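Beneath this line is the structure, given in structure tokens, with notes to follow.
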Amino acid sequence: MSFFGLKGFLTSDIAMDLGTANTLVYVKGQGIILREPSVVAIRKDDNKVMAIGREAREMLGKTHGQIEVIRPMRHGVIDDDEVAEIMIRSFLRRVVKNRLIRPRAIVCVPSGVTKSEKRIIRDAAEHAGCREVHLIAEPMAAALGVGLPVQEAVGSMVIDIGGGTTEIAIISLSGIVNDTSIRVGGDEMDDTIVQFMRRNYNLLIGDRMAEEIKQKVGSAVPLEQELSMIAKGRDLVAGIPKAIEINSVEIREAIAEPVGQIVDAVKLALERTPPMLSADIRDRGIILTGGGALLRGLDQRLRDETSLPINLAEDPLTCVVRGTGVVLDHLEKHEAVLLKS
Ligand code: ADP
Ligand code: MG
């Protein structure tokens, strides 16, 4: 091993985006080396962990009664302490290869986490072998990930739409000036699609199918060319598998409520913005990050409703972990953005 390779090996500090839908880990000098759904499958009778991450997600909606598939971060906070800890430890162990060298870790968490939840996250990271654990709030990491000048005395607005939450933050001088967080994100859209299919077609579909429908034909504004696809599920009356053609017009209607809630939260955040910073945001626009930002036409919808420049970040699913990585790589420079315990 060359000297530099050895050095990289010794200082494998890590940055982790602990999201409600996905967990990503960046290792210093190596890039993003883990990208897994935040999901754990547990056998009910003896609480044995059957799978964590992608493999557990495959089981969603397909398990028999004996296995429970849990998303411990689902609502933007820790839903299930014990399972959350198991998941965090498992992901960290996959990347912390050498137990003798204890890495530093920066974990990005939804800004709504409580003091005791911060404790759980820290403990889990320490148990997994990390020596020094710092936390950072999601919108701050997202802002750094898209390269916004967070340290300067200008206001920047970031909207991060994840699975369980939407966080809207105005950042200036390394701090979050204003933070509006709602527990509505991509999951809520999936839920409304499940309800819509049941109500309108007597078709029971799983969460995975609902997410696929959202991604393939979901939208927030009328489309020049409306789309359609086949939805598969179980007929609630006959109890047999059934396939139905659905189109983007009806799915837009189905998800209208959560999409509207996100739009309203953005408007509210803008109203709450101090006038000096409003001017900056008017000039510089708003950045959209998180997987939910990929919903077709959501950027256009926000542009129409706010009359502000709205920019979809490049690779919105990795902004947060990349921003956390920026802090890790320049810890001294960015110390101010870390959360106090
Ligand atoms: P979190 O930070 O909460 O883990 P992510 O930023 O990873 O969330 O985003 C996950 C959400 O993004 C999920 O609800 C997923 O369905 C949604 N998503 C991913 N790709 C798309 C897409 N192309 N269109 C709409 N939603 C998407
Ligand atoms: Mg996120």
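Numbering of residues begins at 1 and proceeds along the displayed sequence. Atoms within each ligand, like the ligands themselves, are counted from 1 in listed order. Computed from a predicted structure; not experimentally measured.
Residues Val109 and Leu339 have side chains in contact (heavy-atom distance under 4.5 Å, counting atoms from C-beta outward). Within the 4.5 Å cutoff, no side-chain heavy atoms of Arg301 are placed close to those of Leu295. Contact check for Val320 versus Leu24: no side-chain heavy atoms found under the 4.5 Å cut-off. Taking 4.5 Å as the limit, some side-chain heavy atom of Met16 sits within range of a side-chain heavy atom of Ile88. Using a 4.5 Å heavy-atom threshold, the side chains of Arg35 and Leu317 count as touching. For the pair Ile246 and Met197, the minimum side-chain heavy-atom distance is below 4.5 Å.
Remark: the backbone N or O of Arg102 is paired with a side-chain donor or acceptor of Arg131 at under 3.5 angstrom.
Numbered from 1 in the order shown, with element, the atoms of ligand 1 that lie under 4.0 Å from a heavy atom of Leu295 read 24 (N), 25 (C). Within ligand 1, counting atoms from 1 as listed, the ones closer than 4.0 Å to a heavy atom of Gly290 are 6 (O). Within the listing of ligand 1, atoms 1 (P), 3 (O), 8 (O) sit less than 4.0 angstrom from a heavy atom of Gly162. The atoms of ligand 1 that sit less than 4.0 Å from any heavy atom of Leu317 are 5 (P), 6 (O), 7 (O), 9 (O).
Considering only non-hydrogen protein atoms, atom 3 (O) of ligand 1 sits nearest to Thr20 OG1, 2.5 Å. Nearest protein neighbour of atom 23 (N) of ligand 1, counting heavy atoms only, is Leu294 CB, 3.5 Å. Of all protein heavy atoms, the one lying nearest to atom 15 (C) of ligand 1 is Glu211 OE2, 3.1 Å. The protein heavy-atom contact nearest to atom 6 (O) of ligand 1 is Gly291 N, 2.9 Å. The protein non-hydrogen atom at the shortest distance from atom 19 (C) of ligand 1 is Gln215 NE2, 3.3 Å. Remark: minimum distance from atom 7 (O) of ligand 1 to any protein heavy atom is reached at Asn22 ND2, 2.7 Å. Of all protein heavy atoms, the one lying nearest to atom 10 (C) of ligand 1 is Ala21 CB, 3.7 Å.
Under the 3.5 Å distance criterion, with hydrogens and angles disregarded, a donor-acceptor pair is assigned to the side chains of Gln300 and Arg303. A donor atom on one side chain and an acceptor atom on the other are found under 3.5 Å apart for Thr23 and Ser38.
Using a 4.0 Å cut-off between a side-chain N of Lys or Arg and a carboxylate O of Asp or Glu, Arg89 and Glu85 qualify as a salt bridge. Looking at Glu314 and Arg322, no side-chain N of the basic residue comes within less than 4.0 Å of a carboxylate O on the acidic one, giving no salt bridge. Taking the charged nitrogens against the carboxylate oxygens, Arg122 and Glu126 have no contact shorter than 4.0 Å, which rules out a salt bridge.
The shell of residues lying under 4.0 angstrom from ligand 1, judged by heavy atoms, includes Glu138. At least one heavy atom of Gly292 sits under 4.0 Å from some atom of ligand 1.
Geometrically, ligand 1 and Gly163 share a nitrogen or oxygen pair separated by less than 3.5 Å.
Contacts with ligand 1 closer than 4.0 Å are made by no heavy atom of Thr165, backbone or side chain. When heavy-atom distances to ligand 1 are checked against a 4.0 Å cut-off, Lys214 comes that close only through its side chain, counted from C-beta outward.
For CD of Glu226, the number of neighbouring non-hydrogen atoms (other residues, nucleotides, ligands) closer than 6.0 Å is greater than 12.
Glu36 approaches Arg94 most closely through the heavy-atom pair OE2-NH1, 3.2 Å.
The tally of protein N/O/S atoms under 2.8 Å from the Mg ion (ligand 2) stands at 1.
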